[in-house]
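To keep things clear, I will list the structure first and then write my remarks on it.
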Number of protein chains: 2
Amino acid sequence: MRKFAAEKSKNLLAHRKLLAAGLRRHPTSSLISSQSSSHSHNYLPHSSFLLRFLTTSAANPSAPSESMASDYSSTPVKIDSINPKVLECEYAVRGEIVNLAQKLQEDLKVNPDSHPFDEIIYCNIGNPQSLGQQPITFFREVLALCDHPAILDKAETQGLFSADSIERAFQILDQIPGRATGAYSHSQGIKGLRDTICAGIEARDGFPADPNDIFLTDGASPAVHMMMQLLIRSKSDGILCPIPQYPLYSASIALHGGTLVPYYLDEATGWGLEVSDVKKQLETARSKGVNVRALVVINPGNPTGQVLAESNQQEIVDFCKKEGLVLLADEVYQENIYVPDKQFHSFKKVARSMGYGEKDISLVSFQSVSKGYYGECGKRGGYMEVTGFAPEIREQIYKVSSVNLCSNISGQILASLVMNPPKVGDESYESYTAERDAILSSLARRAKTLEEALNSLEGVTCNRAEGAMYLFPCIDLPNKAIEAAKAVNTAPDAFYARRLLNATGVVVVPGSGFGQVPGTWHFRCTILPQEDRIPAIVSRLSEFHKAFMDEYRD
Amino acid sequence: MRKFAAEKSKNLLAHRKLLAAGLRRHPTSSLISSQSSSHSHNYLPHSSFLLRFLTTSAANPSAPSESMASDYSSTPVKIDSINPKVLECEYAVRGEIVNLAQKLQEDLKVNPDSHPFDEIIYCNIGNPQSLGQQPITFFREVLALCDHPAILDKAETQGLFSADSIERAFQILDQIPGRATGAYSHSQGIKGLRDTICAGIEARDGFPADPNDIFLTDGASPAVHMMMQLLIRSKSDGILCPIPQYPLYSASIALHGGTLVPYYLDEATGWGLEVSDVKKQLETARSKGVNVRALVVINPGNPTGQVLAESNQQEIVDFCKKEGLVLLADEVYQENIYVPDKQFHSFKKVARSMGYGEKDISLVSFQSVSKGYYGECGKRGGYMEVTGFAPEIREQIYKVSSVNLCSNISGQILASLVMNPPKVGDESYESYTAERDAILSSLARRAKTLEEALNSLEGVTCNRAEGAMYLFPCIDLPNKAIEAAKAVNTAPDAFYARRLLNATGVVVVPGSGFGQVPGTWHFRCTILPQEDRIPAIVSRLSEFHKAFMDEYRD
């Protein structure tokens with residue numbers, strides 16, 4: 001591994017000169033790059049990925065295990081001959097800090113005493129089942145039966161599976177042409193499952209939903225890419241994104257060669273979304289020649305956890321309508337609400353309640369089976385509901401989704417299940433609601449405990465998580481810590497996160513991966529470790545923080 | 001629907017003028033467009049998609065069902081304001097002919113006597129289970145058990161599942177951290193499953209394989225997109241593709257804004273791949289300023305069905321090595337070989353046999369669970385084996401795969417199963433081999449029967465399908481038929497395919513969707529209808545063809 005790291009440094013040094021100019025162009029500026037050459041970097045108001053990427057000393061999980069003694073000079077693809085958009089793209093949730101965590105985990109395997117902790121606790125990513133959350137039994141029963149329908153008629157099956165899971169599997173199979181769960185489906189997904197999803201949306205919103213508006217996808221991420229691919233023509237096309245944002249958006253905009261136009265959420269008002277600020281950012285971008293095409297809203301917020309008030313959503317809808325923006329509504333945390341004074345409202349419901357119909361506003365809502373109380377990340381299911389696009393545009397979306405044929409059928413089935421769970425009277429209803437409520441109430445308790453623990457730390461302030469799966473505390477880092485970070489060429493919050501990991505085994509993502517007001521420092525920490533682990537995490541975190549502050553206090 | 005069609009025509013007519021120039025620029029030319037503006041069209045040596053797309057009269061499957069009376073003029077996204085690369089992209093396998101088929105199917109539902117056939121037979125796509133092929137029992141047992149591990153310890157499970165499927169499920173669960181089949185995995189896929197896949201590759205090739213080289217993906221298509229995204233910077237980057245080709249390649253190159261550089265397979269020599277012709281095309285492209293980055297080889301061929309000889313593969317490897325091209329080897333039909341005189345050799349095995357190691361040649365092999373004898377299209381499983389790329393390039397591939405987090409876990413598990421099926425001594429071994437061999441031998445018989453039937457038709461010649469799932473007959477269309485097609489502004493082979501569909505319910509894809517030597521006409525027909533249906537299909541096809549020729553014979 002050392003050999004590999006050495007060669008890697010050598011190779012990268014040769015390219016660093018080439019990239020350095022672009023790299024440091026907008027380290028923490030809040031201006032928008034526009035009309036720049038295809039080799040320039042996508043605007044992001046946080047330290048450039050490339051800087052962090054090139055200076056990482058962590059192990060590369062994709063490195064070949066064979067010796068790296070000889071070089072790749074005779075192979076045709078060089079770092080300066082690949083698509084620059086790929087180079088520009090970054091995704092901190094699985095970036096440097098996770099590579100370091102994987103290295104530490106390997107160390108612990110070889111020698112359990114190699115670090116001052118027994119295990120790595122991955123709080124970097126919203127991946128509930130990786131931290132011990134159990135799947136909802138009914139959903140898994142139905143999936144298993146659809147995977148192996150041959151057992152549906154067997155006597156033993158009655159003893160192993162709930163009656164309503166068997167019934168539901170039969171219903172679903174009847175919706176699939178030829179009951180073929182191993183066949184490509186319609187490019188938008190199996191029609192009957194889309195009908196079920198629409199019934200779920202109608203029950204949620206009180207407004208009609210059309211199965212022809214539903215595009216089932218392998219999780220929400222490919223759906224976001226599909227919309228970015230449709231809307232972005234060049235660097236001069238801009239997408240308004242919240243800062244902080246989930247880095248899928250910055251990554252997708254970079255990969256498609258567009259410009260991220262930031263609007264800041266206001267930490268002081270609980271990550272409030274001020275439409276007047278969004279408008280200012282839009283105007284600034286337009287004045288620089290950026291053609292702003294869409295507004296991304298993440299509700300409940302990621303990484304920020306706020307839940308928008310309906311009146312705020314109405315302002316956003318009116319703003320998009322007036323300014324001719326597509327509203328891209330990331331609503332994957334719609335089931336994750338933890339405070340009694342807030343409620344989820346879909347943007348479609350809000351728009352329809354305001355009297356806006358299909359022809360009035362272009363709105364895409366993203367949903368995923370990875371989040372909610374189910375947390376089925378590995379199933380890669382999700383959908384987007386596409387409304388307010390002319391038929392000829394929808395044909396193009398359909399065509400692009402056809403190129404990949406269809407999303408995976410298990411994920412499609414699961415998406416229909418989460419939108420139509422067991423109902424009163426079904427055999428599984430009680431166990432289902434017990435499982436669901438236990439998960440959601442535990443998440444609410446964990447959010448509260450962690451928030452309070454963070455707020456008790458010196459120089460740390462943390463808004464409550466009204467929803468979603470994360471806390472995003474602000475750390476007032478001492479100047480001495482900032483200087484120490486600079487000395488090792490690292491962003492101060494990344495420096496803090498790395499120190500935290502090395503001391504406690506807890507993995508969090510530095511705020512610079514999501515964007516933050518320049519000069520402020522944050523990290524994102526999930527609320528997902530199981531409840532019995534929370535006290536230990538809190539005490540490790542508190543102990544580390546105190547020691548860190550003692551070391552660097554001004 | 002009529003209202004919708006009328007409005008659609010109106011909307012599209014307004015844009016036709018705008019697009020017309022680009023549209024007809026290279027209708028059947030064999031020259032390569034290069035260095036053209038971002039609005040020009042990707043080169044393809046067959047009639048432009050846009051022409052067919054704009055002139056389609058078929059129902060749009062994604063059209064909203066509500067009335068289209070009012071217009072979308074107040075919505076912001078217009079056909080001329082979307083990404084032109086999306087407009088340029090085409091995917092004939094699910095194109096116009098399938099829309100027409102879906103319309104006819106709807107007609108039959110409403111009135112079973114509405115057409116001179118009882119049902120639509122989809123021979124347009126390699127989707128075996130949609131036509132009645134049954135899944136391999138062992139694979140589905142394991143998938144079901146991994147979906148619902150709670151039943152693994154139950155007594156009834158012993159009666160329902162084979163002993164080795166239970167054992168395998170335990171093995172797989174042990175490879176997954178926390179046994180969490182609902183968690184995101186490592187971005188490249190679960191390490192233990194990649195180990196299993198490598199063992200399968202090693203057993204197949206007799207050369208080592210490295211789990212760090214494996215990237216598990218949702219089918220082969222996303223893997224192809226990932227490589228195109230990496231390699232293509234602009235229109236002046238070219239990818240050598242066979243003509244005829246599987247249109248995923250042309251679609252992906254178009255979406256990523258590159259140039260397809262065609263090389264023709266020689267129909268007269270059983271779709272032979274002449275390296276001297278590839279070299280000529282490479283040189284022509286280079287002389288026009290195209291920076292050719294990679295060579296795509298599909299082996300066994302799609303739509304052409306040829307299986308490359310090892311000596312031919314050696315020439316290809318040497319050619320890529322010498323010319324500095326990445327070899328993109330589509331090997332998804334590696335299990336589908338139907339003739340005793342041909343055998344599948346992976347390009348990696350060929351390269352390693354020639355003495356080329358990791359640092360000598362950049363080679364990506366694509367594999368999928370959708371093909372082979374398993375045909376599990378709906379599971380969206382697959383992988384690419386990436387060899388011969390420097391560590392810093394691999395980090396970029398890893399980063400891009402991280403943005404979508406991971407491929408679906410069921411697909412990952414299935415990919416490990418197809419590369420490591422039951423072995424002699426396992427309880428399922430006999431039933432597994434019986435199922436596998438029945439499918440493969442039946443496919444071989446169907447290929448033979450359909451090939452002979454096609455060759456017996458007037459003016460039709462058809463190479464044998466040595467492998468894959470398709471026949472690609474050449475039809476010597478009478479001039480009168482060509483004139484009749486022209487009169488309705490349709491490519492002659494699309495005209496033939498549409499007439500065939502309307503007369504028989506059999507859906508095939510016109511050759512123009514794959515590319516063909518200008519002036520020749522083909523269609524692609526899968527060999528996938530169940531064997532008891534083949535005689536009826538042959539007689540319907542023969543009867544139609546005779547009537548068609550009688551109508552248009554010169």
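Proteins come first, then strands; the chains are lettered A, B, ... in the order of their sequence lines, and each starts at number 1. Every heavy atom of this structure was used, including side-chain atoms; hydrogens, water molecules and symmetry mates were not. Note that the structure is a prediction, hence the values are computed from the model and not measured.
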Spacing of [atom1] belonging to [X] relative to [atom2] belonging to [Y], to within rounding of 0.5 Å:
| X | Y | atom1 | atom2 | value |
| --- | --- | --- | --- | --- |
| Leu255(A) | Gln229(B) | CG | CD | 4.5 Å |
| Glu376(A) | Thr181(B) | CD | OG1 | 7.0 Å |
| Asn408(A) | Ile409(B) | CG | CD1 | 10.5 Å |
| Lys359(A) | Thr75(B) | NZ | OG1 | 9.5 Å |
| Thr157(B) | Leu160(A) | OG1 | CG | 4.0 Å |
| Glu90(A) | Ser402(B) | CD | OG | 12.5 Å |

Heavy-atom contact with chain A under 4.5 Å, split by part of [X]:
| X | answer |
| --- | --- |
| Ala251(B) | side chain |
| Cys146(B) | backbone |
| Leu325(B) | backbone |

Would the distance check show the side chain of Asn127(B) and the main-chain N or O of Tyr184(A) forming a donor-acceptor pair, the cut-off being under 3.5 Å? yes
So, the side chain of Lys399(A) versus the backbone of Leu87(B): is there a donor-acceptor pair under 3.5 Å, distance only? yes
Closest approach of [X] and [Y], non-hydrogen atoms and distance?
| X | Y | result |
| --- | --- | --- |
| Pro76(B) | Gly324(A) | CB-O, 3.1 Å |
| Gln396(B) | Ile82(A) | CG-CD1, 3.7 Å |
| His225(B) | Asn404(A) | NE2-OD1, 3.0 Å |
| Thr137(A) | His148(B) | CG2-CE1, 3.9 Å |
| Arg140(A) | Asp147(B) | NH1-O, 2.8 Å |
| Tyr72(A) | Phe389(B) | CE2-O, 3.3 Å |

For chain B, the option from [options] that forms the most heavy-atom pairs under 4.5 Å:
| options | answer |
| --- | --- |
| Ala144(A), Gly388(A), Gly132(A), Cys377(A) | Cys377(A) |
| Ser74(A), Gly219(A), Gly178(A) | Ser74(A) |
| Ile393(A), Val400(A), Leu143(A) | Ile393(A) |
| Lys154(A), Arg293(A), His256(A) | Arg293(A) |
| Ala155(A), Gly381(A), Ser407(A) | Ser407(A) |

Less than 4.5 Å apart, any side-chain heavy atom of His186(A) and any of Gln102(B)?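 Result yes, sub-4.5 Å side-chain heavy-atom pair found.
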Where on Phe161(A) is there a heavy atom nearer than 4.5 Å to chain B: the side chain, the backbone, both, or neither?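 When you check distances to chain B, only side chain atoms of Phe161(A) fall under 4.5 Å.
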Tell me, out of [options], who's got the most heavy-atom pairs with chain A below 4.5 Å.
| options | value |
| --- | --- |
| Ser401(B), Ser81(B), Cys406(B) | Ser81(B) |
| Ser185(B), Ser410(B), Pro177(B) | Ser185(B) |
| Ser187(B), Gly411(B), Gly375(B) | Ser187(B) |
| Glu323(B), Lys321(B), Gln129(B), Gln134(B) | Gln129(B) |

Set out, in order, the CA-CA distance, both residues' side-chain angles and the distance that settles side-chain contact (heavy atoms from CB on, under 4.5 Å) for Asn83(A) and Ile232(B), then state yes or no. CA-CA 6 Å; Asn83(A) 180 356; Ile232(B) 295 173; 5.9 Å; no
